There are 2 protein chains.
Amino acid sequence: MIQYKAPLKDINFLINDVFNFQNHYQHIPGGSDATPEMVDAILGEAARFSEEVLAPLYQSGDEGCVWNNGEVTTPKGFKEAYQQYMEGGWQGMSAPVEYGGQGLPLSLGVIKSEMIGTANWVWGMYPGLSMGAMNTIYMHGTEEQKQTFLLPLTEGRWMGTMCLTEPQCGTDLGQVKTKAEPNGDGSYNLTGTKIFISSGEHDLTDQIVHIVLARLPDAPKGTKGISLFIVPKYHVNADGSLGERNAVSCGSIEEKMGIHGSSTCVMNFDGAKGFLIGPEHKGLMCMFTFMNTARIGTSIQGVGTAELSFQNALPYARDRRSMRSLSGTKSPDQVADALIVHPDVRRMLLTQKAIAEGGRAMLYHAARLADHMMAAHSKGDSAGYEAYDDKLGFLTPILKAFLTELGYEAANHGVQIYGGHGFIKEWGMEQIIRDAQISKLYEGTTGVQALDLLGRKILLGKMKSFNEFRAEMKEFIKTHKNTREMKPLIRQLKRAMFQWRIGTFRIALKAAKNRDMVGAASVDYLMYSGYIIMAFFWARMADAAYSGIKAGNGDTDFYKAKIQTAQFYYDRLLPRAKAHGKMMLKDPKSLMQMKDEHFSF
Amino acid sequence: MIQYKAPLKDINFLINDVFNFQNHYQHIPGGSDATPEMVDAILGEAARFSEEVLAPLYQSGDEGCVWNNGEVTTPKGFKEAYQQYMEGGWQGMSAPVEYGGQGLPLSLGVIKSEMIGTANWVWGMYPGLSMGAMNTIYMHGTEEQKQTFLLPLTEGRWMGTMCLTEPQCGTDLGQVKTKAEPNGDGSYNLTGTKIFISSGEHDLTDQIVHIVLARLPDAPKGTKGISLFIVPKYHVNADGSLGERNAVSCGSIEEKMGIHGSSTCVMNFDGAKGFLIGPEHKGLMCMFTFMNTARIGTSIQGVGTAELSFQNALPYARDRRSMRSLSGTKSPDQVADALIVHPDVRRMLLTQKAIAEGGRAMLYHAARLADHMMAAHSKGDSAGYEAYDDKLGFLTPILKAFLTELGYEAANHGVQIYGGHGFIKEWGMEQIIRDAQISKLYEGTTGVQALDLLGRKILLGKMKSFNEFRAEMKEFIKTHKNTREMKPLIRQLKRAMFQWRIGTFRIALKAAKNRDMVGAASVDYLMYSGYIIMAFFWARMADAAYSGIKAGNGDTDFYKAKIQTAQFYYDRLLPRAKAHGKMMLKDPKSLMQMKDEHFSF
């Protein structure tokens, strides 16, 4: 019964009122094609496809994939939906024109992915993973590799995977054991086992192109000895047609908590032929070059989870009747008042709404940065690329961890609003939780994101991008601090920003003396930063809504609801930052003093 | 691979060092039988049964129940385990001697239920629900009803259910439609549909005794027109043997997110013969008389969830190797350091531990109050009964909601510690989350508990039991404020207690002007209160541990770990109360001002 309606009004509010994408696109290669009419048409079509084709497959997809003797069958309807997607040219929308794409801005691709991923995250994982393989080949492949592999991937005729994890290691990829032995003809034979490979095997396309982390025979130990390889499921003939099966196969698929429609494969490489991509031993570095865009991808799941759960909790809260309002009966002619009259139900709905819309704003802001980053790359401007990569690098661990944690919370509120019915499969609300659980784990757990943020981006990065982001906030605060209606929010935002700086400096000082401070503070620091950043974007949305009302755009009710949601956020979500801000400054002693053997007796 | 080891050392620490159950039992009927040797023997045997019989059925039980033409088969091994349980006389352990029980204190039954429920909550639901039916008949049944139904229930030969929920209502039982028509011979014919009936049908016993909420023909509307009935699956002959099938049947079982091994039944009453229990139209009141003990039952799930997840995350954190400690390599001879060296992993483990042990202390405190309450009841001391019922009534919504919310959080940490493997069914960590989800929903959602606490227990109750509880805290603070080692905790506890009072008064003042304040503040108020109450019990545990060390009890390492966990709690969990304390005082406006139709456009 889960339904999805693309929130085009909310999306357009962001790209028009808040971020002015039209202006932004004038500075981005390919942006000139993204005229308002084109953007409208694309979003409308993506909305239709998500609502009508993908959403109806969400609950039925929970039946899961079937493994049979190395072959994987995806849930009913997945293949037909993919056929439509491929024929629509969706996979190459933001891919470079020279390799078969349409060269539209990456940010437009993010909005498309958001709609697809909200309607049916599990289905969206297949093209999403393929995008990861495409990016790798685009950034690091030879021209020949691009012609051979990137083109059909962009067209969607083939699909790709990322093969990183092995049984003994996920986060710590320095432990990778898969071997690549040179064949002497420029190709390699790969041997090893990879686990948790999403889309490792399926029936959506014949060919599957695996990007695989492995070690050359002479490789140094640890992360400095890992190289990257392309390993196709079928060998590719000179004319691009498919040849014999390569020695890579799917040994089994995992039974999981959720995302049952996504095949999570054990992949066996038994002397599978592959091709080195990027320099020897630099595989991990190559992987990390587009980690930021990959993490944006995962953070979409946080937004989508909150949005989908909200959209399906709201009608239930309006229809289901239980008890009377404490402030006086609202529907005397009915057996009871609707759930939505109760303040605590409203608290849960507004929390979902504030997370979905606040998260979306953070996401689109990051997507704009990614547009600039890709623009610099395509112009060969490596300084510009790095500058935007840094800006994005500061935000992405926050987006990834904070938004998936909050998305998960929102999904839980959705179940609470349904009461006992939320626990029942038929309604679909519990599936949203099960599917969201993985978002906190893959592409680096919340803990790993937090270490990346505080250890690498803040402390090793000497707070450069942190200060740049704060400069933007300051500018906004300066401009709006004397606006009558914005004053209450600005006052709180200013205080939060100030404390954020102090807190960050205090952690840095403590970490200089005690390295355990970094890990001890990290998750609280990330959540703290997330709440403050989201407060910034809620202030910007409130500001844009006030402007919209003043301009008499006619959507006064819509704009008012934005302002009310912003007020809700500042009243009832932002105060959480206080607790995180307190806990992150505590001495690591209370974490580190207990001996390992004393955790239980 | 989920394993369970009963934490007997932790349990004994509470019943000996912290709460002195031996002394307590001298004031409780049946307590004289609960000698230290007897208690030891019972706990040891309950531990063995839970560890060896129930825990091995936890993961396999996730396969679920099978419905076939009205019959329900429980998972493999459930029936055999129940046979052992019944033969061991466990069901009647705390039941009155005059109706076949052993008359041991209720608190001992809580500890038994905790072990059973931690090892295998789902299995434990069957006898747990039966206990609800037993209590109802004991409190409100006629002597004949007790002889007919209570005896075999106590012996475990029969089992019972509670049939409250209907498709149109769960929380709002005033909407119950099931009808009871008098047959003229003192019996009634019941017609209607009940849903979400746990253990409604199963193969553990032949006879199932349903306690059913229904309306008499002349019943007033709403909650004041509901009566309570006993409806057996099989008619009972005069000699107590089973006769013909009654017209009650299981139409289907629900597909759910978790607790698959528990049969959640749609029960159809098609003119089923039943017997009135308690006065006409007073059914809801009768139900509520033991609601407090029922809620203690559910709060056990929060403690059990945290404990089980912790017990299974800890060995993984010790064994799994990933990355190096930021403060310097810990295992240079290994490929990487163990997870447990990382501060954030320790934060998650200690959070689980602090929740499990802090929750257990809250639970045992409540169980002691329940002992007193039952003692007063059995002496016919209704004033005493009400006094303890009030004390317990203040605590139970907090225990139920706060502990199940925190237990759920702890289960999530368990999955995070496992990383991607936490999402895989085989490890069992995700099952703990799925099974815990229901704990926040049944017996009243978190929101319903919060309204009960703030609306009924605090505001309607004129803060009587709130003040009584605070008096206990004050007394403890007074006694310990000058103890050198307790000072740091006491200082924080005192401040928290002071703010708790101020906050409660401020809410009361605001609620007097605006009734929406109650619902708006309720969940934050409940969580706020929970953190402060848990802080009190952690202080008491720290104090008992310091005393244990001074007394030279020889368990210095064990006691030290308690003190360290208390410090962790005050450093890294108690500060959360601050955020809740801030949010609960906000004006309801930010929740109430948005029009229903403006939640989405």
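A note on names: the letters A, B, ... follow the listed sequences, proteins ahead of strands, and every chain is numbered from 1. Since the structure is predicted, the reported quantities are computational estimates derived from the model, not experimental observations.
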Engineer: Top residue by heavy-atom pair count (under 4.5 Å) with chain B, among A/Q564, A/K256, A/E430?
Structural biologist: A/Q564

Engineer: Can you check whether B/S322's main-chain N or O pairs, donor with acceptor, with A/D172's side chain at less than 3.5 Å?
Structural biologist: no

Engineer: To the nearest 0.5 angstrom, please state how far the OG atom of B/S327 sits from the CE atom of A/M592.
Structural biologist: 5.5 Å

Engineer: To the nearest 0.5 Å, how far apart are CZ in B/F599 and CD1 in A/I340?
Structural biologist: 4.5 Å

Engineer: Considering only heavy atoms, which portion of B/L451 lies under 4.5 Å from any heavy atom of chain A: side chain, backbone, both, or neither?
Structural biologist: side chain

Engineer: Once rounded to the nearest 0.5 Å, what's the spacing between atom CG of A/L574 and atom CE of B/M583?
Structural biologist: 10.0 Å

Engineer: May I ask you to test the A/I424-B/E255 pair for a side-chain heavy-atom distance under 4.5 Å?
Structural biologist: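 The answer is no, as the side chains (C-beta and beyond) never meet within the 4.5 Å cut-off.
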
Engineer: Does A/K560 reach the side chain of B/H598, with side-chain heavy atoms less than 4.5 Å apart?
Structural biologist: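 In short, these two side chains do not touch, never coming nearer than 4.5 Å.
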
Engineer: Side-chain contact test, heavy atoms from C-beta onward, threshold under 4.5 Å: evaluate it for A/H421 versus B/I195 and give yes or no.
Structural biologist: yes

Engineer: Which atom pair, heavy atoms only, marks the closest approach of B/K578 to A/K582?
Structural biologist: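 Residues B/K578 and A/K582, closest heavy atoms: CD-CD, 3.6 Å.
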
Engineer: When only pairs under 4.5 Å are counted, which of A/Q175, A/Q567, A/R572, A/R434 shares the most heavy-atom pairs with chain B?
Structural biologist: A/R572

Engineer: Chain A heavy atoms under 4.5 Å from B/L314: which part of the residue, side chain, backbone, both or neither?
Structural biologist: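 The side chain, not the backbone.
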
Engineer: Mind ranking A/Q593, A/M584, A/R576, A/R515 by heavy-atom pairs under 4.5 Å with chain B and telling me who comes out on top?
Structural biologist: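 Answer, by heavy-atom pair count under 4.5 Å with chain B: A/Q593.
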
Engineer: What I'd like to find out is whether the side chain of B/M257 reaches to under 4.5 Å of the side chain of A/V415, using heavy atoms alone.
Structural biologist: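 Contact flag for B/M257/A/V415 side chains = no.
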
Engineer: Contact part of B/F310 toward chain A, heavy-atom cut-off under 4.5 Å: side chain, backbone, both or neither?
Structural biologist: side chain

Engineer: Thinking salt bridges, do B/D596 and A/R346 make one under a 4.0 Å N-O criterion?
Structural biologist: yes

Engineer: Between B/P315 and chain A, which part of the residue has a heavy atom less than 4.5 Å away: side chain, backbone, both or neither?
Structural biologist: neither

Engineer: Give me the contact list for residues 443-450 of chain B versus chain A, heavy atoms only, anything under 4.5 Å, ordered by residue number.
Structural biologist: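 Contacts with chain A: B/T445, B/T446, B/G447.
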
Engineer: Check each atom of B/D587 against the heavy atoms of chain A and say whether the ones under 4.5 Å are side chain, backbone, both or neither.
Structural biologist: backbone

Engineer: Any side-chain heavy atom of A/F423 sitting closer than 4.5 Å to one from B/T264?
Structural biologist: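 Result no, sub-4.5 Å side-chain heavy-atom pair not found.
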
Engineer: Measuring only between side-chain heavy atoms, which start at C-beta, is B/M517 closer than 4.5 Å to A/L326?
Structural biologist: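 With C-beta onward as the side chain, the pair stays apart.
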
Engineer: Is chain A contacted by the side chain of B/R318, its backbone, both, or neither, given a heavy-atom distance below 4.5 Å?
Structural biologist: side chain

Engineer: What pair of heavy atoms forms the shortest contact from B/S590 to A/D571, and how long is it?
Structural biologist: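 So the two residues come closest at OG-OD2, 3.0 Å.
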
Engineer: State, to 0.1 Å, how close A/P575 and B/A579 come at their nearest heavy-atom pair, and which atoms those are.
Structural biologist: O-CB, 3.6 Å

Engineer: Using 30° and 60° as the class boundaries, would you call the ring planes of B/Y408 and A/Y408 parallel, tilted or perpendicular?
Structural biologist: parallel

Engineer: So which part of B/F558 gets closer than 4.5 Å to some heavy atom of chain A, the side chain, the backbone, both or neither?
Structural biologist: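 Both backbone and side chain.
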
Engineer: Quick check: are there more than 12 heavy atoms from other residues, nucleotides or ligands sitting under 6.0 Å from NZ of B/K589?
Structural biologist: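 No - once you tally the heavy atoms of other residues, nucleotides and ligands closer than 6.0 Å, there are 12 at most.
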
Engineer: For B/G420 and A/F196, which heavy atoms make the closest approach, and how far apart are they?
Structural biologist: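 That closest heavy-atom pairing would be C-CE1, 3.7 Å.
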
Engineer: Just checking A/K586: does its NZ atom have more than 12 heavy atoms from other residues, nucleotides or ligands closer to it than 6.0 angstrom?
Structural biologist: yes

Engineer: So which of B/N412, B/L573, B/I433 has the biggest tally of heavy-atom pairs under 4.5 Å with chain A?
Structural biologist: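 Winner by heavy-atom pair count: B/N412.
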
Engineer: Is there a donor-acceptor contact under 3.5 Å from the side chain of B/K440 to the main chain of A/Q416?
Structural biologist: no

Engineer: Can you see which heavy atom on A/P343 is nearest to which on B/G519, and at what distance?
Structural biologist: CB-C, 3.6 Å

Engineer: As an exercise: rank A/P588, A/P7, A/C169 by heavy-atom pairs under 4.5 Å with chain B and give me the winner.
Structural biologist: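 Max contact count across the listed options: A/C169.
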
Engineer: Go through the atoms of A/D10 and report whether side chain, backbone, both or neither lie under 4.5 Å from a heavy atom of chain B.
Structural biologist: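 Neither part; nothing is under 4.5 Å.
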
Engineer: What part of A/Q311 is in contact with chain B, defined as an atom under 4.5 angstrom from a non-hydrogen atom: side chain, backbone, both or neither?
Structural biologist: neither

Engineer: Could you tell me which of A/Q431, A/H580, A/R347 has the largest number of non-hydrogen atom pairs under 4.5 Å with chain B?
Structural biologist: A/R347

Engineer: Which one wins on heavy-atom pair count under 4.5 Å against chain A: B/E426, B/K9, B/Q168?
Structural biologist: B/Q168

Engineer: Looking only at heavy atoms and a cut-off of under 4.5 Å, which of B/M429, B/M348, B/Q437 has the most pairs with chain A?
Structural biologist: B/Q437

Engineer: Count the heavy-atom pairs under 4.5 Å between each of A/K353, A/R324, A/R320 and chain B, then report the option with the highest count.
Structural biologist: A/R320

Engineer: Heavy-atom pairs under 4.5 Å with chain A: which of B/S325, B/A336, B/G258 has the most?
Structural biologist: B/G258

Engineer: Are any of the side-chain heavy atoms of B/M594 and A/T565 separated by less than 4.5 Å?
Structural biologist: yes

